Amino acid sequence: MNRRELLFSTGVAFGMSGLGAITGAAISASARQPQQTLLTIQSAEFKLRNAVTSGLVSLSPNAPPPVVFSQQHEPVVFDVENTTQDSTAMHWHGIRLENSMDGVPYLTQMPIGEGQTFRYRFTPPDAGTYWYHPHCMTMKQMAHGLTGVLVVKEPSDPGFDVDQVINLRDFRLDNNDRLLPPYSIKKAARGGTLGNVMTANWQSNPVYEHPAGGLVRLRVVNTDTTRIYRLALEGARNKIVAWDGHPVVTALPSPTLKQPLILGPGQRADIAVLMPPHEGVTVKLLALKGSDNVEMTTLKAVGADLKRNFAQLKPLAQNPVSIPDLAAAETHEFVFGWSPSGNAPNDGFCGSLGKTFWSINRIPWPGDAAKSKGPLASLEMRKSYIFRFRNESPNLHPIHLHGLTFMPLRSNKRKIAQNWTDTALLLKGEIMEVALVADNLGDWAFHCHVIEHQKTGLSGVIRVG
């Protein structure tokens, strides 16, 4: 990768919506009145399969967490109120914000207790698709539903007819549609515990109607605690235009059954979809599961043919990400694998699973409130770095870095796309090098986004000072 390939130009309104389609007109109307918004964490119930399931966690008593919209370069204020008995803290996944607003308990703030409210203020520097989830009692609250999508709109409309957000996640239910325990200790020591009810926006194959011949920006977000999705889009021409919030630099293939899109927990893909020209024709988002193809979402063409084409879309402006100087970059290596200390002590705060299986650089994270073992790496502000990720386990790990954005460079296992990201999915035995600029002060969480792995040791801190 040379400087030419890395040299980019830079390119809130605020509103909340249900998980269906949002038109550009609706977003523009809300953009004129930026507002402070109350997000109330509460118990919820919802019909996930055949009967209503109780014991869920959401921002509404009877609906999934909403899609939250903001505007690039415009400040937002979220007052997060906790009405549950469990402590919590809200993390804004992928947003490069001030460290004190990152929502990591005991690292950037104290947990939000029952009856308490914490005000988050930040100005999104980057447009794109992001998401939010708790970082205290993480396994319990996320697995029971508290994951929502955060869309940061570009100042200039790229020309889509409609946005469609798809929040992918599964749940563990018994035969009576009651919640099962969200994890097992045995599976936490392996790949993680999968749910048995796969949903899109908390529904089984929801159908969304969009203009025939129109251009849809399909924002697909994996907010699951464990599941790695293999996705295909059947029935329409499409192309991936953004990856993990950022416009693509290296083109990615359209997701098909033969070459599915691999989306690990925490990862996102924006797909431009050209709807079929005839009313009633459908487009399917499929998840490949063993030999089965699970229909996750259906897009249905309605109305007269709009006769749009991809050439009518404006290129997405690159976000203002700092460009690493690879020639001057210092290298740090991080080894992800099992813990050498076995069942090491854990502080028990914020949802410990009570066991230690995993580590980074053979140092298991002792828990959110435990006495710190110090940062895994200390970086200098505005200096360039190469991180070498080494997966020494047979399991896959989506590695997420808070507060910073990095560029994958190379892998020993595959040809890798060079697109800005905050979450890299490591394959079995993979060694991946990524580049970044340490341009955001603070102590930043660094962990696997299989939450069972995070909560049993595969976590740490990167310090930018």
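What you see is a predicted model, and the numbers here were worked out from it, not measured in a lab.
Residues Pro364 and Trp358 come closest through the heavy atom pair CB-O, 3.4 Å. Closest approach of Asn62 to Phe46, counting heavy atoms only: O-CD1, 3.5 Å. Leu168 approaches Ala200 most closely through the heavy-atom pair CD2-CB, 4.1 Å. Nearest approach of Trp202 to Ser58, heavy atoms of both residues: CH2-CB, 4.0 Å. Across Gln72 and Pro155, no two heavy atoms sit closer than the pair OE1-CD, 3.1 Å. The two residues His144 and Phe171 come nearest to each other via the heavy atoms C-CE2, 4.1 Å.
Between the Asn391 side chain and the Glu430 main chain, no donor and acceptor come within less than 3.5 Å of each other. Not a single donor-acceptor pair under 3.5 Å links the side chain of His332 to the backbone N or O of Phe387. Side-chain N or O atoms of Asn319 include one that pairs as donor or acceptor with a backbone N or O of Ala127 at under 3.5 Å. Remark: side-chain polar atoms of Asn361 are paired, donor with acceptor, to backbone N or O of Val335 under 3.5 angstrom. Looking at Asp177, its side chain never comes within 3.5 Å of a backbone N or O of Lys47 through a donor-acceptor pair. In this structure, the side chain of Asn222 engages the main chain of Leu263 through a donor-acceptor pair within 3.5 Å. Asn196 places a side-chain N or O within donor-acceptor distance of the main-chain N or O of Leu173, the cut-off being under 3.5 Å. Checked by atom type and distance alone, the side chain of Thr83 pairs as donor or acceptor with a backbone atom of Ile41 at under 3.5 Å. No side-chain donor-acceptor contact under 3.5 Å links Ser384 to the backbone of Val437. Between the side chain of Asp347 and the main chain of Ala370, a donor-acceptor pair closer than 3.5 Å is present.
Sparse packing is recorded around NZ of Lys355, with 12 or fewer heavy atoms of other residues, nucleotides or ligands lying under 6.0 Å away. No more than 12 heavy atoms of other residues, nucleotides or ligands shown are found within 6.0 angstrom of NZ on Lys300. Counting non-hydrogen atoms of other residues, nucleotides and ligands closer than 6.0 Å to CZ of Arg49 gives a total above 12. Summarising the local packing, CZ of Arg119 is surrounded by more than 12 heavy atoms from other residues, nucleotides or ligands at distances under 6.0 Å.
For Phe334 and Phe446, the ring centers are positioned less than 6.0 Å apart.
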| message | Test ring-ring contact (aromatic ring centres under 6.0 Å, His included) on His447 and His402; report intermediate values, then the result. | response | CA-CA 9 Å; His447 61 88; His402 290 215; 5.2 Å; yes
| task | For Asp244 and Asn419, run side chain to side chain contact (heavy atoms under 4.5 Å, CB included): C-alpha distance rounded to whole Å, both residues' side-chain angles, the deciding distance at 0.1 Å, then the answer. | result | CA-CA 9 Å; Asp244 286 345; Asn419 290 305; over 6 Å; no
| said: As a quick check of understanding, evaluate side chain to side chain donor-acceptor pair (under 3.5 Å) for Thr423 and Gln267, giving each step before the final call. | reply: CA-CA 6 Å; Thr423 308; Gln267 295 187 305; 6.0 Å; no
| task | Evaluate ring-ring contact (aromatic ring centres under 6.0 Å, His included) for Trp131 paired with His400, printing each intermediate quantity in order. | result | CA-CA 13 Å; Trp131 62 293; His400 175 50; 8.2 Å; no
| task | Give the intermediate values and the outcome of side chain to side chain contact (heavy atoms under 4.5 Å, CB included) for residues Leu376 and Ile462. | result | CA-CA 6 Å; Leu376 293 165; Ile462 301 294; 4.3 Å; yes
| request: Give the intermediate values and the outcome of side chain to side chain contact (heavy atoms under 4.5 Å, CB included) for residues Ile228 and Ile262. | output: CA-CA 7 Å; Ile228 296 168; Ile262 310 300; 3.8 Å; yes
| task | Might you work through the side chain to side chain contact (heavy atoms under 4.5 Å, CB included) test for Arg96 and Asp422, ending with a clear yes or no? | result | CA-CA 10 Å; Arg96 297 186 296 138; Asp422 50 72; over 6 Å; no
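Looking only at atom types and distance, the side chain of Thr298 has a donor-acceptor partner in the side chain of Asn205 under 3.5 Å away. Using modelled atom types, one finds a donor on one side chain and an acceptor on the other under 3.5 Å when comparing Asp439 with Ser322. Using modelled atom types and a 3.5 Å distance limit, the side chains of Ser459 and Gln454 yield no donor-acceptor pair. Thr129 and Arg268 are not linked by any side-chain donor-acceptor pair at a separation below 3.5 angstrom, with hydrogens and angles left out of the test. Between the side chains of Asp79 and Thr117, no donor-acceptor pair of N or O atoms lies under 3.5 Å. If you check the side chains of Asp224 and Thr226, you find no donor sitting under 3.5 Å from an acceptor.
Contact of the Asp86 side chain with the Lys140 side chain is registered, since non-hydrogen atoms from C-beta on lie closer than 4.5 Å. Between Cys448 and Pro398 there is a side-chain heavy-atom pair separated by less than 4.5 Å. In this structure, the side chains of Thr193 and Thr225 stay at 4.5 Å or more apart for every pair of heavy atoms. Between Arg217 and Asp270 the shortest side-chain heavy-atom distance falls below 4.5 Å. You'll find the side chain of Asn238 reaches within 4.5 Å of the side chain of Pro255, heavy atoms only. The shortest side-chain heavy-atom distance between Met142 and Ile451 falls under the 4.5 Å cut-off. Side-chain contact between Pro408 and Thr421 is present, with heavy atoms from C-beta onward closer than 4.5 Å. Between Ile240 and Ile271, the closest side-chain pair of non-hydrogen atoms falls below 4.5 Å.
Taking CD from Glu154 and CG from Asp126, the interatomic distance works out to 11.0 Å, rounded to the nearest 0.5 Å. To the nearest 0.5 angstrom, Leu231 atom CG is 11.0 Å from Asn293 atom CG. In this structure, Asn201 CG and Met296 CE are separated by 9.5 Å, a value rounded to the nearest 0.5 Å. The line from NE2 of His91 to CG of Leu97 is 8.0 Å long, rounded to the nearest 0.5 Å. A distance of 14.5 Å separates CG of Leu48 from CZ of Arg172, quoted to the nearest 0.5 Å. In this structure, CH2 in Trp243 is found 5.0 Å from CG in Leu261, a value given to the nearest 0.5 Å.
Note on Glu333 versus Arg390: salt bridge recorded, some NZ/NE/NH1/NH2 to OD/OE distance being below 4.0 Å.
With Phe78 as the fixed residue, the ring-ring contact (aromatic ring centres under 6.0 Å, His included) test singles out one of Phe122, Phe118, Tyr120: Phe122. When each of His133, Gln141, His93, Arg169 is checked for a side chain to side chain donor-acceptor pair (under 3.5 Å) with Thr147, only Arg169 meets the rule.
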